[in-house]
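Labels below follow one simple rule: chain letters A, B, ... track the order of the sequence lines, proteins then strands, and each chain is numbered from 1.
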Protein chains: 2
Amino acid sequence: MEHVAARAGVSRALVSIVFRGVAGASEATRERVLAAARELDYRPDTRASRLGSSRTRTLGVTFAVGHAFHGDLLESLYTHADAAAYELVLSGVTPSRSEAAAVETLLAERCEGIILLGSSQETAQLERLAAHLPVVSVLRPVPGGGVGVVRTDDAAGLRLSVEHLRGLGHRRVALLDGGRTAGAAERRRGYRTAMRRSPALTEMILPGGVTELEGAEAARAFLRLGARERPTAVAAFNDRCAIGFVDVVRQAGLHVPGDVSVVGFDDITEAGYPHVALTTVRQDAERLGAETVRTLADRLDGGSPDGGSGTTPPAPVVIEPEMVVRASTAPATRRGVRS
Amino acid sequence: MEHVAARAGVSRALVSIVFRGVAGASEATRERVLAAARELDYRPDTRASRLGSSRTRTLGVTFAVGHAFHGDLLESLYTHADAAAYELVLSGVTPSRSEAAAVETLLAERCEGIILLGSSQETAQLERLAAHLPVVSVLRPVPGGGVGVVRTDDAAGLRLSVEHLRGLGHRRVALLDGGRTAGAAERRRGYRTAMRRSPALTEMILPGGVTELEGAEAARAFLRLGARERPTAVAAFNDRCAIGFVDVVRQAGLHVPGDVSVVGFDDITEAGYPHVALTTVRQDAERLGAETVRTLADRLDGGSPDGGSGTTPPAPVVIEPEMVVRASTAPATRRGVRS
DNA sequence: GTCACGAACTAGAGCGCTCTAGTCACCATC
DNA sequence: GATGGTGACTAGAGCGCTCTAGTTCGTGAC
């Protein structure tokens, strides 16, 4: 910076002004400084600038590395953080690197807010964290109100699923349950609500899960059922689970959707591939990301002058999901009852 | 820090000593300082500590968000960076955030070295970057020597594939090509070498790609072939491509491995699921990560006293892949020639 | 008793920025 | 010609650490 200032024949403060893009430098000087910087291959040190300023304008994100939907969310977060003049600091969660450890590094970076994708931490722990700085839990609801929440209306999603299947004439509609995963309880609730709305429907909950593996296991349980009790349609916890289910069912010689209709959840990229063509409930990653950044930016920049650890708990943002009908669901037929 | 020092009744410098874990504090004081820090919920500011010290001990990583194998690599990188007392700074690449932009933020963070997972930047650009600081390209070979390389022996991997299939009696073995992806050229070369080694083998290269989508398309091309020319075995660019291929082939009523044997590449988690049981060539994510960190740490901490932009170009590290035989390959039979 | 030495601890400059409180020149106003 | 205002620029303290060059003290050797 020193060198750039010297080369451009100005003070260091002026260089700072130019690089922060604030008012206080003439157009001519601005160009001269930028030219000098280019020649010297100078680039402001983000560590130092964050240290110097009162605000770091930095948002920390924990995410599961290699998780496809988290990837979609990150893309949206990057875009909207950029638009709101925030920087993102990523901290990955892996089998050997806990979410708590990931959060710890974000705190040490002095992020102004923290975004947790699909958090698996206990509510109490989240509340404790949220007492220090604004926290948004994405995908996973957190009761209490201290923690910001941006999520899809999971219950509504499963209601959509069930309605869709009921509309196709299905009566025995099973849920491949997500267990203790973020959002699973809500989806179970949505499933039950929708099923009980119509007395013709028969509930059945099979243990499912997050990955194809668990979908495949659920399929084996499904295949063990007798013809009379076997569901004619299945709503899966998510797309990957649905895909595993379909795979095994097909390998057993049954047809999807001929013998059993299947609905997923998420609408991951793979669900839209022609050879998969999974009917599913779409979570809008783009909007989830946008709302997350907005929630945080509002609190940080905006209204509450206490800098975010404010008394005004942000209202949870719940985004409506959307049914995406593809080729894995079809009207119920006699064949659905075939062995 | 001020407050912690006051509470523990020591100087700020002592607090620094304790938190850096260096010698120069008695056990009693150390405990007193840590206790004070705990009570005040103090945590050293990483930005400030990096600023203060001459070294940042920070490694920057660019990766594709949501990419499963990159996730595996990150896990290994986290572990080994930690062991070598380095911190990782992640910078995600998305469709709307280029690799160049990702690198730019890493440079502004003053990372000491840069790790690029499956880089798609041009060689010239990488060379330019490597002139400034140590760079390791993981998965993708870079000619020239200025850029460090840690990768799997892709060519050997495809030779293993072909050998395995030849050993099962297959003669018409096709490659589902990876196009311009990192490593694809090497794998193509390995395939050709192995095929030409034995005159009985008939080469055939079908356009493939990185995702299930492209594997599925390749399968459609495969199905259009007449019975006499149709390969009895297929070596795919990677597991996802293989999985898409298998999926479509099965939906068309053919059997894997009965009608066609399929080999993948990578050994992603999914390949090991019982209902997938894909025979594949394993890339050792754990070792790739370990070698990457070692390469960088050696250069940064070790021998060359110039701090890494040294004259000694690091030799590329090439890791041998390993054949993992599962249920998607079987001996060639008459049925392999069936329409 | 004194000297050397090491272990425990401290003072204070410095890292590369930001940002407040200026200075200075220039112009318009009355 | 004094006054005020404005845009362009600068000086210098401060952000929260690290790290070098100390100081202080207790101990063992002679």
Query raised in the report: So which one's nearest nucleotide on DNA chain C is more toward 5', Ala25(B) or Arg110(B)?
Result: Ala25(B)
Requested in this report: Mind calculating the distance between CG (Leu14(B)) and C1' (dC9(C)) to the nearest angstrom?
Outcome: 6 Å
Query raised in the report: Counting just side-chain N and O atoms, does Ser26(B) come under 4.0 Å of either OP1 or OP2 of dC9(C)?
Result: yes
Polar side chain donor-acceptor pair, [X] to [Y], under 3.5 angstrom:
{"X": "Glu286(B)", "Y": "His80(B)", "answer": "yes"}
{"X": "Thr105(B)", "Y": "Ser91(B)", "answer": "yes"}
{"X": "Thr58(A)", "Y": "Glu109(A)", "answer": "no"}

Requested in this report: Return the orientation label for the Phe63(B) and Phe63(A) ring planes: parallel under 30°, perpendicular over 60°, tilted otherwise.
Outcome: parallel
**Report entry** Any residue meeting side chain to side chain contact (heavy atoms under 4.5 Å, CB included) with Ser96(B), in chain and number order, not counting sequence neighbours
**Finding:** Glu75(A), Thr79(A), Thr94(B)
**Report entry** Pairing of Arg7(B) and Glu39(B) as salt bridge, 4.0 angstrom limit
**Finding:** yes
Query raised in the report: Ion pair present between Asp301(B) and Arg57(B), side-chain N to carboxylate O less than 4.0 angstrom?
Result: yes
Query raised in the report: How about Val138(B) and Ile115(B): do any of their side-chain heavy atoms sit closer than 4.5 Å?
Result: yes
Requested in this report: Using chain B heavy atoms and a threshold of under 4.0 Å, write down where along DNA chain D the contacts begin and end, 5' to 3'.
Outcome: dG16(D) to dC19(D)
Polar atom pairs (N or O), protein with nucleotides 22-27 of chain C, under 3.5 Å:
none

